[in-house]
A.B. asks: 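Okay, handing you the structure first.
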Amino acid sequence: MTVWLLLLHLLNFVLPALAMALLMPLAGRWVMGGVAWPVRHRMAVHAVAGVLVLLAGLFLQGQDGKMSTYMALVLVAATAEWAMHKGWRR
């Protein structure tokens with residue numbers, strides 16, 4: 001495997017987490033209203049949490065791309081956005 005193919009595989013592995021990191025702050029603002037944390041900080045939290053979920057899914061299930069991993073990714077992202085908006089106060 002060449003370096004280019006390795007980089008392409010890694011990019012495709014983390015792409016769902018990066019897409020969620022880009023879209024969740026917008027969805028959170030739409031659903032929860034108001035902004036609790038700056039958008040860049042929320043994107044960074046979502047990116048790190050998403051990559052960790054994808055890595056956990058890869059190591060626990062032995063392969064990437066399982067629907068249960070993507071379900072966990074969505075649940076972690078939604079919970080993190082709720083926590084950053086301090087949803088328990090509403």
Side-chain angles (χ1 to χ4, degrees):
M1 179 180 293
T2 64
V3 175
W4 173 249
L5 286 176
L6 177 64
L7 289 175
L8 191 60
H9 277 84
L10 289 175
L11 176 67
N12 285 325
F13 176 72
V14 298
L15 195 59
L18 297 179
M20 290 291 291
L22 181 67
L23 296 175
M24 279 306 292
L26 300 173
R29 184 173 182 181
W30 177 58
V31 172
M32 302 286 290
V35 175
W37 287 19
V39 174
R40 288 184 185 171
H41 293 158
R42 293 187 351 227
M43 284 183 182
V45 167
H46 286 301
V48 170
V51 170
L52 289 176
V53 166
L54 291 176
L55 285 172
L58 175 64
F59 287 121
L60 292 175
Q61 298 178 357
Q63 67 182 30
D64 63 337
K66 285 207 165 192
M67 289 306 293
S68 58
T69 303
Y70 294 137
M71 180 185 67
L73 175 65
V74 170
L75 289 175
V76 166
T79 304
E81 190 67 26
W82 175 81
M84 287 184 275
H85 274 281
K86 299 178 183 171
W88 61 89
R89 291 187 179 179
R90 295 174 192 243

A.B. asks: So, taking the atom named CG in Leu7 and the one named NE2 in His9, what distance separates them when rounded to the nearest 0.5 Å?
C.D. replies: 11.0 Å
A.B. asks: Would you kindly confirm whether Val45 and Trp82 end up in one hydrophobic cluster when ILVMFWY residues are joined by side chain heavy atoms under 4.5 Å apart?
C.D. replies: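 In one cluster: no.
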A.B. asks: Return the OG1 to CE distance between Thr79 and Met84, rounded to the nearest 0.5 Å.
C.D. replies: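 The OG1 atom of Thr79 sits 10.0 Å away from the CE atom of Met84.
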A.B. asks: In Å, rounded to the nearest 0.5 Å, how long is the span from CG of Asn12 to CG of Leu8?
C.D. replies: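 Atom-to-atom, Asn12:CG and Leu8:CG are 5.0 Å apart.
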A.B. asks: Can you hop from Met24 to Val31 via hydrophobic side chains spaced under 4.5 Å?
C.D. replies: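 No.
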A.B. asks: What pairs of residues pass the salt bridge (Lys or Arg N to Asp or Glu O under 4.0 Å) test when at least one of them lies in residues 49-58, not counting sequence neighbours?
C.D. replies: none
A.B. asks: So how far is it from Thr69 OG1 to Leu60 CG, rounded to the nearest 0.5 Å?
C.D. replies: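 Atom-to-atom, Thr69:OG1 and Leu60:CG are 8.0 Å apart.
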A.B. asks: Using the side-chain contact (heavy atoms from CB on, under 4.5 Å) criterion, which residues pair with Ala72? Sequence neighbours excluded.
C.D. replies: Val53
A.B. asks: Suppose we screen for side-chain contact (heavy atoms from CB on, under 4.5 Å). Which residues come up paired with Leu55, at least two apart in sequence or across chains?
C.D. replies: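 Applying side-chain contact (heavy atoms from CB on, under 4.5 Å) to Leu55 gives Phe13, Val51, Phe59.
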A.B. asks: For the CE atom of Met20 and the CG atom of Leu73, what is their distance to the nearest 0.5 Å?
C.D. replies: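 Taking CE in Met20 and CG in Leu73, the distance rounds to 5.0 Å.
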A.B. asks: Might you point out which heavy atoms bring Pro16 and Tyr70 nearest each other, and give the distance in Å?
C.D. replies: CG-CE2, 3.9 Å
A.B. asks: What pairs meet the side chain to side chain donor-acceptor pair (under 3.5 Å) rule with one or both residues in residues 25-48, with sequence neighbours excluded?
C.D. replies: Arg42-Glu81, His46-Glu81
A.B. asks: Consider only side-chain heavy atoms of I, L, V, M, F, W and Y, link residues closer than 4.5 Å, and tell whether Val14 and Met67 are in one cluster.
C.D. replies: yes
A.B. asks: If you compare all heavy atoms of Ala47 against all heavy atoms of Ala21, which two are closest, and at what distance to 0.1 Å?
C.D. replies: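 Heavy-atom minimum between the residues: N-CB, 3.5 Å.
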A.B. asks: Going only through I, L, V, M, F, W and Y residues with side-chain contacts under 4.5 Å, is there a path from Leu10 to Leu5?
C.D. replies: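 Linked within one cluster.
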A.B. asks: Taking only residues two or more places apart in sequence or in another chain, which ones pass side-chain contact (heavy atoms from CB on, under 4.5 Å) with Leu75?
C.D. replies: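 Checked Leu75 against side-chain contact (heavy atoms from CB on, under 4.5 Å); matches are Met71.
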A.B. asks: For Ala49, check side-chain contact (heavy atoms from CB on, under 4.5 Å) against everything at least two apart and list the hits.
C.D. replies: Val76
